[in-house]
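To find a chain, count down the sequence lines: A is the first, B the second, and so on, and within it residues start at 1. FYI, side chains are in, hydrogens and waters are out, and symmetry mates aren't considered; it's all heavy atoms of this structure.
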Number of protein chains: 2
Amino acid sequence: MAPTRQRTPTEIALIGRHTQQRSVVLAAFIRADGFVGAQALHAQLAADGTPVGLSTVYRTLTRLAGAGRADLVRDTGGERLFRYRPGPDHRHYLICTECGLSHPVDSAPIEDWADGIAQDSGFANVRHTVELTGVCPDCGGGQAATERQ
Amino acid sequence: MAPTRQRTPTEIALIGRHTQQRSVVLAAFIRADGFVGAQALHAQLAADGTPVGLSTVYRTLTRLAGAGRADLVRDTGGERLFRYRPGPDHRHYLICTECGLSHPVDSAPIEDWADGIAQDSGFANVRHTVELTGVCPDCGGGQAATERQ
DNA sequence: CATTGATCTGAAAATCATTCCCATCTAGCG
DNA sequence: CGCTAGATGGGAATGATTTTCAGATCAATG
């Protein structure tokens with residue numbers, strides 16, 4: 001863990017020209033370490049004293065997702081949440097609806113299942129999105145949470 | 001036009017008072033037989049000569065979903081698509097991104113997997129959303145569809 | 001059958017995330 | 001250093017969904 005030198009994210013090369021704004025957005029995105037919305041990231045950047053235009057945040061996140069370096073889900077309000085993905089494989093998470101804590105889960109069964117479906121159905125280019133939500137132990141998971149809403 | 005008496009769908013009782021508008025919306029919703037957006041349903045109703053306010057369509061669909069009689073997904077544009085669910089159990093579908101064809105899939109493995117996750121994680125009230133998309137055989141599923149985007 | 005209060009409806013206005021527009025900048029190359 | 005395709009930003013535009021609220025309806029009751 002000696003890396004004194006600032007890494008020049010290879011990610012940026014994937015999405016076009018290397019600019020200051022993109023560096024800053026990417027750094028904050030990685031630092032966020034979990035699902036973040038474009039609006040939240042934009043606000044965070046402003047708070048950090050490195051304001052970047054909202055359009056630019058959207059553009060950057062959208063491109064990262066397009067390049068496969070970000071996972072994308074929708075929260076219940078319809079907002080798009082992005083999560084940085086370092087490697088090529090994607091993962092699935094169990095997200096706490098109370099505090100936002102995300103808990104990675106073993107998704108091998110899902111991958112296999114989805115692959116099987118793809119085979120059997122004759123569909124091509126099958127993709128899947130899996131969202132698991134719940135209430136984590138800290139937020140009252142122990143207590144019998146009702147199934148409201 | 002013999003049926004002087006209109007059938008009184010039991011679904012309506014689940015979501016409140018029985019009104020003409022709700023009957024009409026529900027009938028069209030069931031007739032749609034697949035995923036529909038509130039806007040599309042609203043337009044369909046107008047075309048059918050039984051216009052209903054957009055707010056009412058939204059309210060009815062939202063309540064049906066809340067009562068567990070409708071499944072809900074988001075299309076890539078962020079629009080909410082509802083699908084009538086006759087029974088109490090929910091299902092998962094493989095949806096063609098080209099023509100919208102929906103193909104029910106065996107979701108037992110997913111249910112089991114999700115239940116297992118709920119157990120192991122300690123989270124309560126775990127819910128899951130699974131979306132499978134692909135290109136059906138009729139729309140070119142045979143051809144090696146690339147994995148763009 | 002008339003009354004009545006709770007519920008529902010709908011048109012328009014309000015929200016809100018996201019995208020578009022476009023004048024202005026800037027990386028990166030020659 | 002000078003050029004130019006690509007990038008930025010902020011404000012306006014879009015589009016789905018929600019809210020508002022006055023008037024219409026429902027359904028239980030007198």
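Between the CD atom of Glu79(A) and the C1' atom of dT19(C) there is a distance of 15 Å, rounded to whole Å. A straight line from CZ of Phe82(B) to P of dA16(D) spans 13 Å, rounded to a whole angstrom. In this structure, Arg74(A) places its CZ atom 10 Å from P of dT17(D), rounding to the nearest Å. Computed from coordinates, the Leu54(A) CG to dC21(C) P distance equals 17 Å when rounded to whole Å. The nearest whole Å value for the distance from the CD1 atom in Ile15(B) to the C1' atom in dC26(D) is 15 Å. Across the protein-nucleic acid pair, Leu72(B) atom CG and dA16(D) atom P stand 16 Å apart, rounded to whole Å. At whole-Å resolution of the value, CD1 in Ile12(B) and C1' in dA27(D) are 15 Å apart. Residue His42(A) contributes atom NE2, which lies 13 Å from atom P of dT18(C) at whole-angstrom precision.
In the hydrophobic cluster analysis, where Ile, Leu, Val, Met, Phe, Trp and Tyr join through side-chain heavy atoms closer than 4.5 angstrom, Leu45(A) is grouped apart from Leu54(A). Ile15(A) and Tyr58(A) end up in different hydrophobic clusters when Ile, Leu, Val, Met, Phe, Trp and Tyr side chains are linked at under 4.5 Å.
If you run side-chain contact (heavy atoms from CB on, under 4.5 Å) between Phe82(A) and each of Leu61(A), Val57(A), Leu64(A), Val73(A), only Leu61(A) comes through.
For Arg22(B), a side-chain nitrogen or oxygen approaches OP1 or OP2 of dC8(C) to under 4.0 Å. Residue Tyr58(B) places no side-chain N or O under 4.0 Å from the OP1 or OP2 atom of dT18(D). When the side-chain nitrogen and oxygen atoms of Gln21(A) are compared with OP1 and OP2 of dG9(D), one or more of them lie within a distance under 4.0 Å. Between Arg80(A) and dT19(C) there is a side-chain N or O to OP1 or OP2 distance below 4.0 Å. Here Thr56(B) reaches the OP1 or OP2 of dG10(C): one of its side-chain N or O atoms lies under 4.0 Å away. Considering only side-chain N and O atoms, Arg63(A) lies under 4.0 angstrom from the phosphate OP1 or OP2 of dA7(D). The side chain of Thr62(B) places no N or O atom within less than 4.0 Å of a non-bridging phosphate oxygen (OP1 or OP2) of dT17(D).
Checked for salt-bridge contact, Arg31(A) and Asp48(A) meet the test: a charged N lies under 4.0 Å from a carboxylate O.
With the nearest nucleotide of DNA chain D identified for both Gly77(B) and Thr19(B), Gly77(B) has the one nearer the 5' end.
Remark: the Arg17(B) side chain and the dA27(D) base include no donor-acceptor N/O pair separated by less than 3.5 Å. For Arg59(B) against dG10(C), a side-chain-to-base donor-acceptor contact under 3.5 Å is present. In this model, a side-chain donor or acceptor of Ser55(A) finds a partner on the base of dC20(C) within 3.5 Å.
Here the side chains of Arg80(A) and Leu72(A) are in contact, with some heavy-atom distance below 4.5 Å.
Here the side chain of Gln20(B) is nearest to one of dT18(C), dC26(D), dG9(D), namely dC26(D).
Within the 4.0 angstrom heavy-atom criterion, only backbone atoms of the sugar-phosphate kind lie near Gly16(B); the bases stay farther away.
Remark: the backbone N or O of Arg22(A) is paired with a side-chain donor or acceptor of Thr19(A) at under 3.5 angstrom.
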